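Here is the structure we will look at.
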Amino acid sequence: MPELPEVETVRKGLEKLVVGKTIKEVTILWPRIIESPVVEIFESQLIGQTIEKMERRGKFLIFKLTNYDMISHLRMEGKYETHDPEDQRDKHTHVIFTFTDGSELRYLDVRKFGRMVLVDKDQGTNYKGILALGPEPIPSQFKLNEFRLGLKKHHKAIKPLLLDQRLVTGLGNIYVDEALWEAKIYPEQPADTLKPKEVEGLSYAIIDVLGRAVEAGGTTIRSYLNALGEAGTFQISLNVYGQTNNPCPRCGTPIKKIKVAQRGTHFCPKCQTLKVRN
DNA sequence: AATACTACCTGCGTGC
DNA sequence: TGCACGCAGGTAGTAT
């Protein structure tokens, strides 16, 4: 479910709900969720740790603990919920953190793709998955010139390149389609064939779309995102994602859906056309 | 080195 | 109703 705006919404929710709480017990019901260290050590090291702060880098959540960083990636369907111990346990609950105040934080994940990693204090940013990330999609970090140079190094389609998180982090299948629509770029346009004006427009669109989605608390479709409670509202602002056959908000042409790098891809066949260059 | 493909999982909608 | 199949907000590992 989550791309950057949804993960940021979850981070804010956790900040309100679990910062200051101390872990008394950890129960792991699906061990593969824990990438490292081995589950027994993961559990024992967490006992007695207080959650001091909630951070985020790209789509990774970082729980800043007394003596460790706990990194959590929700992948497709991971989510966190707070509960009382007597609440009925959903079948997709895989990890339970019990706090000293008696409350619980539960990690649920229908497809079990999510992962957690425990590393030494303040070493979250040195975790390999986080080291590989490009800049956050904000003007102070996402620099046009570096983006242009990065795009020039690849001839592959722009959409899968943006999904791979190395040139900029945070986009997923929804927001990449939205950003490409906003920038009027065809999803299979080779990255190294974009003109400077297009690169600039794309850079702006990425920052704009993700920023607006963060403000909206993310997008809620099929799986009710719940940053510990509420759904996001960005779904009402989607221009192409999930809008197959609906009119393009700019020109009225029916939105088309194709497959690009095995992902469903929505675009306007009139506003976004392949430009033959080189 | 860059790119393409597959594995990891479950549930839901569709069509026969 | 049952069943096969494709699809779903993502990466990480492997092959070419």
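Only a predicted model underlies this, so the values are computations on that prediction, with no experimental measurement involved. Computed from heavy atoms alone, side chains included, the values below leave out hydrogens, waters and symmetry copies. Letters A, B, ... mirror the listed sequences (proteins, then strands); counts begin at 1.
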Would you tell me if any nitrogen or oxygen in the side chain of His155(A) comes within less than 4.0 Å of OP1 or OP2 on dT3(B)?
no
Keeping the roles fixed (side chain from Gln262(A), backbone from Lys259(A)), state whether a donor-acceptor pair exists under 3.5 Å.
no
Check the distance between dT11(C)'s P and Leu61(A)'s CG and give it to me in whole angstrom.
12 Å
Ignoring backbone atoms, test whether Arg263(A) places a side-chain nitrogen or oxygen under 4.0 Å from the OP1 or OP2 oxygen of dG10(C).
yes
N/O (side chain, Lys259(A)) to phosphate O (OP1/OP2, dC7(C)) under 4.0 Å:
yes
Check every strand shown and say whether Gly114(A) touches a base, only sugar-phosphate, or nothing at a heavy-atom separation below 4.0 Å.
nothing
Check: Lys275(A)/Thr193(A) side-chain N/O donor and acceptor closer than 3.5 Å
no
Which whole-number value in Å describes the distance from Lys159(A) NZ to dG10(C) P?
9 Å
When the distance from CZ of Arg166(A) to P of dG10(C) is rounded to whole Å, what number comes out?
17 Å
Look at the aromatic rings of Tyr186(A) and Phe267(A) and report parallel, tilted or perpendicular, splitting at 30° and 60°.
perpendicular
Provide the distance between the two P atoms, one in dG11(B) and one in dT11(C), to the nearest whole Å.
23 Å
Between dC9(B) and dC3(C) - P atom distance, rounded Å:
24 Å
Lys257(A) side chain, from C-beta outward: closest of dG10(C), dC7(C), dT3(B)
dC7(C)
Between P of dG10(C) and CG of Leu162(A), the distance in whole Å:
13 Å
If pairing means Watson-Crick or G-U wobble with both distances under 3.5 Å, then the partner of dC9(B) is none
Could you give the distance separating dA7(B) and dC5(C) at their P atoms, to the nearest angstrom?
16 Å
Classify the side-chain pair Tyr80(A)/Ser72(A) by whether it contains a donor and acceptor separated by less than 3.5 Å.
yes
Does a side-chain N or O from Gln165(A) land closer than 4.0 Å to OP1 or OP2 of dT11(C), or not?
yes
Presence of Lys156(A) side-chain N/O under 4.0 Å of dA4(B) phosphate oxygens OP1/OP2
no
To the nearest Å, give me how far apart CG (Asp164(A)) and P (dC5(B)) are.
16 Å
Using atom CG of Leu151(A) as one end and atom C1' of dA2(B) as the other, report the distance to the nearest whole Å.
15 Å
Rounded distance [0.5 Å steps], NE2 in His94(A) versus CG in Asp109(A)
5.0 Å
Between the protein and nucleotides 13-16 of chain C, list every N/O to N/O distance that falls short of 3.5 Å.
none

Restricting to nitrogen or oxygen on both sides, can you table the protein-nucleotides 8-12 of chain B pairs closer than 3.5 Å?
from, atom 1, to, atom 2, distance (Å)
dC9(B), OP1, Arg32(A), NE, 3.4
dC9(B), OP1, Arg32(A), NH1, 2.9
dC9(B), O4', Arg111(A), O, 3.4
dC9(B), O2, Arg111(A), NE, 2.8
dC9(B), N3, Arg111(A), NH2, 3.3
dT10(B), OP1, Lys112(A), NZ, 3.0
dT10(B), O4', Val110(A), O, 3.4
dG11(B), OP1, Lys91(A), NZ, 2.8
dG11(B), OP1, His92(A), NE2, 3.3

Test: Asp101(A) and Lys21(A) ion pair at under 4.0 Å:
yes
Does a salt bridge link Glu198(A) with Arg277(A), judged by any charged N lying under 4.0 Å from a carboxylate O?
yes
Would you call the rings of Tyr127(A) and Phe60(A) parallel, tilted or perpendicular, where under 30° means parallel and over 60° means perpendicular?
perpendicular
Check the distance between dC7(C)'s C1' and Ile258(A)'s CD1 and give it to me in whole angstrom.
16 Å
From CG (Leu65(A)) to CD (Gln45(A)), nearest 0.5 Å
10.5 Å
Round to a whole Å and report the spacing from CD1 of Ile130(A) to C1' of dA12(C).
15 Å
When rounded to the nearest 0.5 angstrom, what is the spacing between CG in Leu133(A) and NZ in Lys128(A)?
11.5 Å
What is the nucleic acid contact for Lys59(A), judged by heavy atoms within less than 4.0 Å: base, sugar-phosphate only, or nothing?
sugar-phosphate
